Number of protein chains: 2
Amino acid sequence: MSGARNLSAALRRARLPRPRILARPILSTSSPATATATALRSFSASSLRADTKQIKYTSDAYPNIKRDPKFAEISADDVKFFKELLGSESAVIDGVTTDATDDLEPFNSDWMRKYRGHTRLVLKPGSTEEVSKVLKYCNDRKLAVVPQGGNTGLVGGSVPVFDEIVVNTSRMNKIRSFDAASGVLVADAGVILETADSYLAEREHLFPLDLGAKGSCHIGGNVSTNAGGLRLLRYGSLHGTVLGLEAVLPDGTIVESLSTLRKNNTGYDLKQLFIGSEGTIGLVTAVSIICPPRPKAVNVAYFGLESFEQVQQAYLAAKGQLSEILSAFELMDGRSQGLVIESTGNKHPLEGEYPFYCLIETSGSNSEHDMAKLETFLENVMGEGIVADGVLAQDETQFQALWRWREGITEALSHLGGTYKYDVSIPLSELYQLVEDCKARLTEKGFVGDDDSFPVRAVVGYGHMGDSNLHLNVAVRQYNKEVEKAIEPWVYEWIQKRNGSISAEHGMGVAKKEYIGYSQNETMVKLMKQLKALYDPVSIFLSLNSSRCDHHTNVIFWQNGIMNPYKYI
Amino acid sequence: MSGARNLSAALRRARLPRPRILARPILSTSSPATATATALRSFSASSLRADTKQIKYTSDAYPNIKRDPKFAEISADDVKFFKELLGSESAVIDGVTTDATDDLEPFNSDWMRKYRGHTRLVLKPGSTEEVSKVLKYCNDRKLAVVPQGGNTGLVGGSVPVFDEIVVNTSRMNKIRSFDAASGVLVADAGVILETADSYLAEREHLFPLDLGAKGSCHIGGNVSTNAGGLRLLRYGSLHGTVLGLEAVLPDGTIVESLSTLRKNNTGYDLKQLFIGSEGTIGLVTAVSIICPPRPKAVNVAYFGLESFEQVQQAYLAAKGQLSEILSAFELMDGRSQGLVIESTGNKHPLEGEYPFYCLIETSGSNSEHDMAKLETFLENVMGEGIVADGVLAQDETQFQALWRWREGITEALSHLGGTYKYDVSIPLSELYQLVEDCKARLTEKGFVGDDDSFPVRAVVGYGHMGDSNLHLNVAVRQYNKEVEKAIEPWVYEWIQKRNGSISAEHGMGVAKKEYIGYSQNETMVKLMKQLKALYDPVSIFLSLNSSRCDHHTNVIFWQNGIMNPYKYI
């Protein structure tokens, strides 16, 4: 990366020169995150078209999951009802009365090419009222439903397993209001994250969530999966920033809780239940969220470090010294960066090779102050030998290029075949040990190697250091049950021993449904099932058998459970 | 406040001199907030002793609330059971088999002298297991329970109405763990907020919540009431900062959800339900919370302004220019400051009188940078005539003295007799209009005046401008039903018209139970009642009447509802 300032050299000077900082480098609509997301999507879309046959059906990959016979099958009458209800031709993709296999496919499969369902009907309601009528009808008819946003999830949560109806939010895509004084945005669930952020950028505000798939994902999906991403370190989780929600329960009840107030203690905070419940108790149709002022100055630095011990030291120094302006502290191991080099052919920003790399971003309101803080921090960590080498972005192009080394990992991995992705929380001191242990385990079993006779091509680790959130990725030449069995449930047991979480930010979906016991005890799971039963309505039947006063009464609870079945818990 | 820098004068100089900033002015254990809290508590304690007879029973003040006959009365056997269970003499205050009226009184009444119950039994379990056994016993016996922390609430939520057993958390007061790398504190519910903050101060961290009653309130109570307070503007709500909870359900089930992970997407986030549910679905026994690094530099400025329009302009300027270091923006009207002068006899920090005053606090990691930002802001708002006059604290004493003008309002009001307190959220542009309208209404009705023939002494407004959170206070010479009727439900209708919240941060308690419909629609209230029914266990009875095959079967749902009855929703 010619032109990027090398910090080792700079340290030799008495005073670091101040690189040019653009007024608002992150306002660009072609941010590195977006570029990645777009690349991911186009990769996904083209793969799906070309290699549809290669994506295994989830029902085949998970033969223990059986279609629940309580659900009705979609009839031509059902399709007729939906077409009349939704009106517009484009609102219904009908594979029941017509052949629409190709049109249905993008809604049946995920971009990782790991999950594939059998839906024959996709509905795109245009309003909350339409969602309400769709769900009520499905509930009455016992038709199972999968709520779907941008379908960028990583755990198979947003695609059907069998013939569930996909209810997609893409036609509900209006920004309803924004108030600059309070910073509160109210928007439909189907607004794309990047669209929301660009809208806010024009009004000098920022969406308090950012992630690689921002160019495709919907904010309703972000909320339904409690997405974490790149800005959580600074702006906190959606449980804190989401002020209100509108959602539809399976029986058609519209939950109107779109408060725009920062403080509102009037009863149970029910909206919290929809945040992270992956569409299992209702479908989120709109979001009210508090958005911070857009930072006027953003700086990015990229380092090489010799050990994970030093990564931890660098993180603690950044937390203490950069404090209120620290907006990201990302970790990438050497192998992950090697893959990005192989995949992109780009020249690495640092001369030497290091086992660990970190990316630090600061966001603040005064570029001089921020640069002064960053320089003091850099002098400190380099002076003490914590950081071996580093560069500091001098303009927006370099800013984007540095982020690309973090954001490009997912794409680089996707070129290798399949990827077993584990998104976990682990106490900081042991965060990277999981990668080492997993690699050792798979190597010992003879799975890892450079030629095509080995199923595993690479075991890499990266993630959000500031959130104790590791992404362990095992890149395979193709999905392989033997490798999967060597990793699972071993990886979950490893995490359980350290009181970690088996799903930090990606959610449960199909992928982790069976493993919740590694992160939640029996009581918690029981309480969660109770809650699911509360919202996916329960009916009570009394069956009376009478034979001349010798009668029996049986009470039968019948749970519809139409919302996103076979997943979550 | 001699020595505090007058900003009008300072503006005449080319460059503002930098006042001395202490390294950590907010580490002091005798912060202004504490001083207020202590004063409030001692006022309360002494009043209770002297004037117990003057506190009306809630059951008399609210004659429409009837004791629910489904609840059992406490027997000598119950007391025996609890004494054996809890062991320690100090763990049980027994007014059933002994005369303990005086000892019970502080647990029966609130410090505002507005609510008073009839409990004859106070239990102070020493562990989560003891809480579990207590609640299970109470649930089996249908004995009603009031969870109680520091009993500093403002809506009567933490004192009994009738003979509910008080389960007080004061003996559960240990800090369980703190991890400096992640900033995560795990502590028992009965730890006093100030104790937790002092513990964190020694470890260079900060509790992300601060409020006037910090010297008495328990963190379990803070979480159970979703307390907002002074730092919400900067650190967000407890829904975002609380990472885990331990709680006991009415049937004795221990909800172990004490995660210390910043990201954990494994199932429904049930802990959220306990945040702000005022002890109606369970009793919080421990809290895990993420705490930020303690700011190294804190500055406080205090202004006079000529109009509410200018207050809004000053707030928007502070939000934009102080951005990441702004930690408080408090509003006080002229009348509220006059009351503090009358009550304390202190000299006001500004020469002239203004209809509005604001207090701004910044917290950051670099005192020079923060002061530079603050000076630029001050030059801006004073140069543009937004702020008429102001002072900037030059040392810790002044820092505390300035906060006292905000924090001292509650105490000043309490010297006047009683106070009708309304804690509401209103869109910013109309925030203060409520005070004007309320004053006009009460004046028109002839209630407001300076001599003892008028029931109302003052209508004042103050609050957390940065959170759109107003405290409307009507100071009365004594509580007066006529005045109350003139305010309620008028005040709630006023707020409903503006889509505000009738309870921003104080909660519902007894005070607002009847008024939830002004901030939540019928569907939401129904869903909330459903949730309450889920956790306060429901039993189903089948009653069979058989008369020679002509049998009837009745299904009866029986809800225990032992947790904090007569309150909330």
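In what follows, chains carry the letters A, B, and so on, assigned in the order in which the sequence lines appear, proteins first and then strands, with residues in each chain numbered from 1. In this text, all values refer to a predicted model and were calculated from it rather than measured experimentally.
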- Does B:Ser425 use its side chain to pair, donor to acceptor, with the backbone of A:Lys263 at less than 3.5 Å? yes
- Query: What part of A:Gln321 lies closer than 4.5 angstrom to a heavy atom of chain B: side chain, backbone, both or neither?
  - Reply: backbone
- Item | Contacting moiety of A:Asn264, where chain B heavy atoms sit under 4.5 Å | both
- Message: Donor-acceptor pair, distance only, cut-off 3.5 Å: does the side chain of A:Tyr568 make one with the backbone of B:Gly267?
- Response: yes
- Item | Heavy-atom contact with chain A under 4.5 Å, split by part of B:Asn469 | side chain
- Note on the structure: Bottom line for A:Tyr315: the part with an atom under 4.5 Å from chain B's heavy atoms is side chain
- One option among A:Ile426, A:Leu232, A:Val255 has the most heavy-atom pairs under 4.5 Å with chain B, and it is A:Leu232
- Message: At a heavy-atom distance under 4.5 Å, which candidate from B:Ser501, B:Gly240, B:Ser323 has the highest pair count against chain A?
- Response: B:Ser501
- Message: Counting heavy-atom pairs closer than 4.5 Å to chain A, which one of B:Thr523, B:Ile290, B:Asn366, B:Leu531 comes out on top?
- Response: B:Leu531
- Message: Does any part of the side chain of A:Leu273, heavy atoms only, come nearer than 4.5 Å to the side chain of B:Gln272, both counted from C-beta?
- Response: no
- Message: Which heavy atom of A:His506 sits nearest to which heavy atom of B:Asn265, and what is that distance?
- Response: N-ND2, 4.5 Å
- Taking atom types as modelled, find out whether B:Glu324 and A:Ser365 have a side-chain donor-acceptor pair closer than 3.5 angstrom. yes
- Item | Residue part contacting chain B, namely of A:Gln520, when any heavy atom lies under 4.5 Å | side chain
- Message: I'd like to know which of B:Ile254, B:Ile275, B:Leu270, B:Ile516 tops the heavy-atom pair count under 4.5 Å against chain A.
- Response: B:Leu270
- Under 4.5 Å from a heavy atom of chain B, the part of A:Ser277 involved: both
- Message: Working to the nearest 0.5 angstrom, can you tell me the gap between B:Leu238 CG and A:His239 NE2?
- Response: 14.0 Å
- Query: For B:Thr280, is it the side chain, the backbone, both, or neither that has a heavy atom closer than 4.5 Å to a heavy atom of chain A?
  - Reply: both
- Side chain from CB out, backbone as N, CA, C, O: work out which of these in A:Lys513 comes under 4.5 Å of a heavy atom of chain B, or both, or neither. neither
- Message: Restricting to non-hydrogen atoms, name the atom on A:Ser182 and the atom on B:Lys319 that form the minimum distance, rounded to 0.1 Å.
- Response: C-NZ, 3.7 Å
- Query: Which distance, rounded to the nearest 0.5 Å, do you find between the OH of A:Tyr535 and the CG of B:Leu534?
  - Reply: 8.0 Å
- A:Asn226, part contacting chain B, at a heavy-atom distance under 4.5 Å: both
- Message: Quick one, A:His369 and B:Lys373 - any side-chain contact, counting heavy atoms below 4.5 Å?
- Response: yes
- Item | Closest contact, heavy atoms only, B:Tyr268 versus A:Met528 | CE1-O, 3.4 Å
- Query: Taking C-beta and beyond as the side chain, do A:Leu428 and B:Asp179 meet within less than 4.5 Å on heavy atoms?
  - Reply: no
- Between B:Leu261 and A:Asn499 the two heavy atoms that sit nearest each other are CD1-O, 3.7 Å
- Working to the nearest 0.5 Å, report the span between CZ of A:Arg262 and OG of B:Ser468. 10.0 Å
- Task: Kindly compute the distance separating OG1 (A:Thr266) from CE (B:Met508), expressed to the nearest 0.5 Å.
- Result: 6.0 Å
- Message: How close do A:Ala181 and B:Leu316 get, counting heavy atoms only, and between which atoms?
- Response: CA-CD2, 3.6 Å
